[in-house]
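Accompanying notes for the structure given below.
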Amino acid sequence: MPTITLPDGSQRSFEQPVSIADVAADIGPGLAKATLAGKVNDTLVDASTVLDNDATLAIVTSRDDEGLHLIRHSTAHLMAQAVKQLYPGVQVTIGPVIEDGFYYDFAFERTFTPDDLTAIEKRMAELAKEAFPIVRSEIARNDAVKFFTDLSEEYKAEIIRDIPEDEVLSLYEQGDFTDLCRGPHVPHTGHLGHFKLMKVAGAYWRGDSDNAMLQRIYGTAWASKKDLKAYLHRLEEAEKRDHRKIGKQLDLFHLQEEAPGMVFWHADGWTIYQQIEQYMRQRQKEEGYKEIRTPQIVDMSLWEKSGHADKFGDDMFAVKSEDRSYAIKPMNCPCHVQVFNQGLRSYRELPLRLAEFGSCHRNELSGALHGIMRVRGFVQDDGHIFCGEDQIQEECSTFIDFLHSVYEDFGFTEVIYRLSTRPANRVGSDESWDKSEKALADALDAKGLDWKELPGEGAFYGPKVEFSLKDCIGRVWQCGTIQVDFSMPGRLDATYVDAKGERQTPVMLHRAILGSFERFIGILLEDHEGKMPLWLAPNQVRIMNITDKQQDFCKKLEKTLTDQGLRAQCDLRNEKIGLKIREATLGRVPYMLVIGDKEIESGQFSVRTRDASEKGPMDLDTLLSGLKAEITSRGRNPLEG
RNA sequence: GCCCAUAUAGCUCAGGGGUAGAGCACUUCCUUGGUAAGGAAGAGGUCAUCGGUUCAAUUCCGAUUAUGGGCUCCA
């Protein structure tokens, strides 16, 4: 006779085995209605699951994260049911839950149109209204294969064949639709309703580009209408922060057809870029890096020697001249080794840290390009640390601190950490891999960082840590990285003389903090919605006159500010002050000085911010020192008043 | 590279088989106005490129290129 322990510690005993739904009903009719599933001894199961032994049970409703997950998963099934009804020739494949929603991949001889999506959505709503019970059953492997083969569901049959022998196969049936699924699901389709189909996209079967292209329908689903609305609103707001939109609005950069994936930086965009470069240059110097510069175009033989021609060949832009073949460099590492190789190196020079703002070109697949986040021509804040094996751990640790300090100056606190470990195709001994993977993992652990392992995702020459940031709609972009490389120094004959006078091959650490200027600026723009912090803002102060009478004063004020190193400019147009303020605000200029007779007479300035707040009034000296403090503190000491 | 969509004025977009439309921006004039849009006039487009269908194509069809959303790949 089962005794059920609930999360609050209370217990309920039953004469006979009971389902989770029964327990919920026993507690109250409201809960019974809201029950989506149960967590039995920490395992999520269907509400229909019968408990015949003592257990701890948490009832899952749409208020729980697990409940929302179930809603999304069941909505994916609901969509598959609707699609099968509307388009009987479709084959279903898989339909998992993703962030904010779900997708389902279908095989169909024609493509789904936006009209199809509308029809599917409508049918889904109808099916939800019917409140079909979603019923679980178990099936033997052979029966399952036959079941789906009879339905001409070849993809499903293939999935079943790949499921391990010892695993129980379960089916979920709702109305006329049955799907192979591990579950659990909500009790009936009536629990579903707050969803929207978002888009159709192509997706390879099993994520392999050699396989057939399926059609993936993405949807979003929520526990309530309010949540759905809030999500759609959030998306809309996020789109306003899109770096491509802001880049155009603020006249920062453009791209054009003749140079796909390569950025034309405009004056204001280039100012931001320059500020970042100068900042990084200074920081790297402080961290003991030597800045170097290496060629854009290098003979193919070097790329063959380094292994890039083999592994990276298709991505390189090739150049021919006088019967020689060159490649425009896709990365800087081999060039840095050439610098290392000049002269005889001593162990006393290690770790040798070389840095370069290295312009790289990669012939990325046309479909991979994305604004300035993913381009073909970009500049890395690249650096290579040549060191001994015993120095790896400390160099990694120091680097992570350095990276954090830089990210903090830019206002980034949410960093995603991932460790990519040995791929199937690799060079170097297992011993080296063990050592370097451990060095990276230890460096992360020592700082108490929450990191995820990506097994098999490492570079062919070594494991790497990726430091990623999110864009405005939550897409994750790798920015910083540190990679241990036991291979390239040897391939390119790098050696140093150790304390015993013997030649040794150094280890090479590849590292970047920003990743690429292009991507990092893209993320920065989205993160700040174009409102760059004062130290990065291309236009820091806008001085505007009320009437022509104040022109000369404004010009003098502009010179005073620019002489102090501030990026200030006048707006002396014959326009009303309201318009000038509007344009400066839309232009995300941090501070505005409105100059009329009053200000000239009193020498006191009220400062208007781009967020429409007022600072001051203050005199010129206070203003100047306040602005400088904000700039040198990188926003930590904002202008007061 | 693959799947889908899109490409009209500097920008944001509407339109539609029969010599192209709006708002903003731009130019000129009037206005000298105190914290998010003052008024008037003017100028501006081989409707992405190349083919096809048609008496006629910017509009329909196809290809190409680029862009957007995915997939694959990647900083």
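Keep in mind that this is a model prediction, so the values were computed, not measured. Each chain gets a letter, A, B and so on, in the order the sequences are listed, and its residues count up from 1.
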Checklist entry - Are the side chains of A:Arg610 and A:Tyr591 in touch, meaning some heavy atoms are under 4.5 Å apart? => result no
Checklist outcome for this item: Comparing nearest nucleotides in RNA chain B, the 5'-proximal residue of the pair A:Leu214, A:Ser606 is A:Leu214
Checklist entry - Under 4.0 angstrom, heavy atoms only, what part of the nucleic acid is A:Lys598 near: base, sugar-phosphate, or nothing? => result base
Checklist entry - Contact class for A:Tyr103 (heavy atom, under 4.0 Å): base, sugar-phosphate, or nothing? => result nothing
Next on the checklist: Considering every strand and a 4.0 Å limit on heavy-atom distances, what is the contact class for A:Gly578: base, sugar-phosphate, or nothing?
Outcome noted: sugar-phosphate
Next on the checklist: Once you apply a heavy-atom cut-off of 4.0 Å, does A:Gly480 come out as touching a base, just sugar-phosphate, or nothing?
Outcome noted: nothing
Checklist entry - Do you know which of A:Gln483, A:Met508, A:Lys311 makes side chain to side chain contact (heavy atoms under 4.5 Å, CB included) with A:Tyr461? => result A:Gln483
Next on the checklist: Heavy atoms only, 4.0 Å cut-off, all strands: where does A:Arg362 land among base, sugar-phosphate and nothing?
Outcome noted: base
Checklist entry - Is it the case that A:Asp315 and A:Asn363 place a side-chain donor and acceptor less than 3.5 Å from each other? => result no
Checklist entry - What integer number of Å spans the C1' atoms of B:A14 and B:A9? => result 13 Å
Next on the checklist: Under 4.0 Å, counting only non-hydrogen atoms across every strand here, what does A:Thr547 touch: a base, just sugar-phosphate, or nothing?
Outcome noted: base
Item to check | A:Arg374 side chain near B:A75 phosphate (N/O to OP1/OP2, under 4.0 Å) | outcome: no
Checklist entry - Between atom CD in A:Glu258 and atom P in B:U49, what is the gap in whole Å? => result 12 Å
Checklist entry - Heavy atoms, side chains only, cut-off 4.5 Å: are A:Glu599 and A:Val594 in contact? => result no
Checklist entry - Reckon A:Arg216 touches a base, only the sugar-phosphate, or nothing at all at heavy-atom distances under 4.0 Å? => result sugar-phosphate
Checklist entry - Within less than 4.0 Å of OP1 or OP2 of B:G69, is there a side-chain N or O belonging to A:Arg475? => result yes
Checklist entry - With both distances kept under 3.5 Å, what pairs with B:C2, Watson-Crick or G-U wobble? => result B:G70
Checklist entry - Counting only side-chain N and O atoms of A:Ser366, is one of them less than 4.0 Å from OP1 or OP2 of B:G1? => result yes
Checklist entry - Among B:U72, B:G69, B:G34, which is the nearest nucleotide to the side chain of A:Ala201? => result B:G69
Checklist entry - For B:A63, which nucleotide in any strand shown is its Watson-Crick or wobble partner with both distances under 3.5 Å? => result B:U49
Next on the checklist: Rounding to an integer number of angstrom, what distance separates B:C47 and B:C60 when you compare their C1' atoms?
Outcome noted: 15 Å
Checklist entry - For the pair made of CD in A:Gln249 and C1' in B:G10, what is the distance, rounded to whole Å? => result 15 Å
Checklist entry - Is the aromatic ring of A:Phe378 within stacking range of B:A75, meaning centres under 5.5 angstrom and planes under 30 degrees? => result yes
Checklist entry - B:A43 pairs with which nucleotide, Watson-Crick or G-U wobble, both distances below 3.5 Å? => result none
Checklist entry - Picking from B:A36, B:C3, B:C74, which would you name as closest to the side chain of A:Lys311? => result B:C74
Checklist entry - Just how far, in rounded Å, is P of B:C3 from CG of A:Leu365? => result 13 Å
Checklist entry - A:Glu457 has an atom CD; how far is it from atom C1' of B:C73, in whole Å? => result 11 Å
Next on the checklist: Within the 4.5 Å heavy-atom criterion, are A:Leu627 and A:Gln540 side-chain neighbours or not?
Outcome noted: no
Checklist entry - What is the nucleic acid contact for A:Arg110, judged by heavy atoms within less than 4.0 Å: base, sugar-phosphate only, or nothing? => result nothing
Item to check | B:U27 to B:U59 separation - C1' atoms, rounded to the nearest Å | outcome: 33 Å
Checklist entry - Would you say the side chain of A:Gln550 and the base of B:G34 hold a donor-acceptor pair, judged only by whether the two atoms sit under 3.5 Å apart? => result no
Checklist entry - At under 4.0 Å, does any side-chain N or O of A:Arg588 touch on OP1 or OP2 of B:A36? => result no
Item to check | Under 4.0 angstrom between A:Lys549 side-chain N/O and B:G33 OP1 or OP2 | outcome: no
Item to check | Integer angstrom distance from the C1' of B:A36 to that of B:A75 | outcome: 39 Å
Item to check | Sugar-phosphate only, base, or nothing, as touched by A:Leu586 at under 4.0 Å among non-hydrogen atoms | outcome: base
Next on the checklist: Let's go through A:Phe467 and A:Gln478 carefully: what are the C-alpha distance in whole Å and the side-chain angles of both, what is the deciding distance for side chain to side chain contact (heavy atoms under 4.5 Å, CB included) to 0.1 Å, and is it a yes or a no?
Outcome noted: CA-CA 6 Å; A:Phe467 304 88; A:Gln478 182 191 322; over 6 Å; no
Next on the checklist: Quick check on RNA chain B: between A:Ala368 and A:Gln478, whose nearest nucleotide comes earlier from the 5' end?
Outcome noted: A:Ala368
Checklist outcome for this item: To the nearest angstrom, the NZ-P distance between A:Lys245 and B:C24 comes to 19 Å
Checklist entry - For B:G34, what is the paired nucleotide under Watson-Crick or G-U wobble rules, both distances under 3.5 Å? => result none
Next on the checklist: Under a 3.5 Å cut-off for both contacts, is B:A22 paired Watson-Crick or G-U wobble with anything, and if yes, with which nucleotide?
Outcome noted: B:U12
Checklist entry - Which is true for A:Lys464 with a 4.0 Å heavy-atom rule: it touches a base, it touches only sugar-phosphate, or it touches nothing? => result sugar-phosphate
Checklist entry - Taking any strand in view, what nucleotide pairs with B:U54 in a Watson-Crick or G-U wobble way, both distances under 3.5 Å? => result none
Checklist entry - P atom, B:A7 versus B:G39: distance in rounded Å? => result 33 Å
Checklist entry - Checking all strands, does A:Asp382 fall into the base, sugar-phosphate, or nothing category for heavy-atom contacts under 4.0 angstrom? => result nothing
Checklist entry - With a 4.0 Å cut-off on heavy atoms, is A:Ile546 in touch with a base, just the backbone sugar-phosphate, or nothing at all? => result base
Item to check | Carboxylate-amine/guanidinium proximity below 4.0 Å for A:Glu277 and A:Arg281 | outcome: yes
Item to check | side chain to side chain contact (heavy atoms under 4.5 Å, CB included) between A:Tyr289 and A:Arg511, worked out | outcome: CA-CA 12 Å; A:Tyr289 288 82; A:Arg511 40 107 293 160; 3.1 Å; yes
Checklist entry - When rounded to the nearest Å, what value does the distance between P atoms of B:U67 and B:U8 take? => result 14 Å
Checklist entry - Rounded to the Å, how far apart are A:Arg244 CZ and B:U67 C1'? => result 9 Å
Next on the checklist: Between the base of B:G1 and the side chain of A:Tyr204, is there a donor and acceptor pair under 3.5 angstrom?
Outcome noted: yes
Next on the checklist: Any base atoms under 4.0 Å from A:Met331, or only sugar-phosphate, or nothing? Heavy atoms, all strands.
Outcome noted: nothing
Next on the checklist: Whether A:His370 contacts B:G70 is assessed here as follows: a side-chain N or O lying under 4.0 Å from the phosphate OP1 or OP2. Is that the case?
Outcome noted: no
Checklist entry - Checking side-chain hydrogen bond (donor to acceptor under 3.5 Å, both in side chains) for the pair A:Ser405/A:Arg283: CA distance, chi angles, key distance, verdict? => result CA-CA 10 Å; A:Ser405 148; A:Arg283 293 298 311 269; 2.7 Å; yes
Checklist entry - Say you pick atom P in B:U19 and the same atom in B:A57; how far apart are they, in whole Å? => result 12 Å
Checklist entry - B:U72 P sits how many Å from A:Asp315 CG, rounded? => result 17 Å
Item to check | Nucleotide opposite B:A75 in a Watson-Crick or G-U pair, distances under 3.5 Å | outcome: none
Checklist entry - Do A:Arg374 and A:Trp477 meet the cation-pi criteria used here (NZ or CZ under 6.0 Å from the six-membered ring centre, within 45° of the axis)? => result no
Next on the checklist: Between P on B:A75 and CG on A:Leu469, what's the gap in Å once rounded to a whole number?
Outcome noted: 15 Å
Next on the checklist: Say we look at B:C24 and B:A40: how far apart would their P atoms be, to the nearest angstrom?
Outcome noted: 10 Å
Checklist entry - So what does A:Glu614 hit on the nucleic acid, given a heavy-atom distance under 4.0 Å: a base, only sugar-phosphate, or nothing? => result base
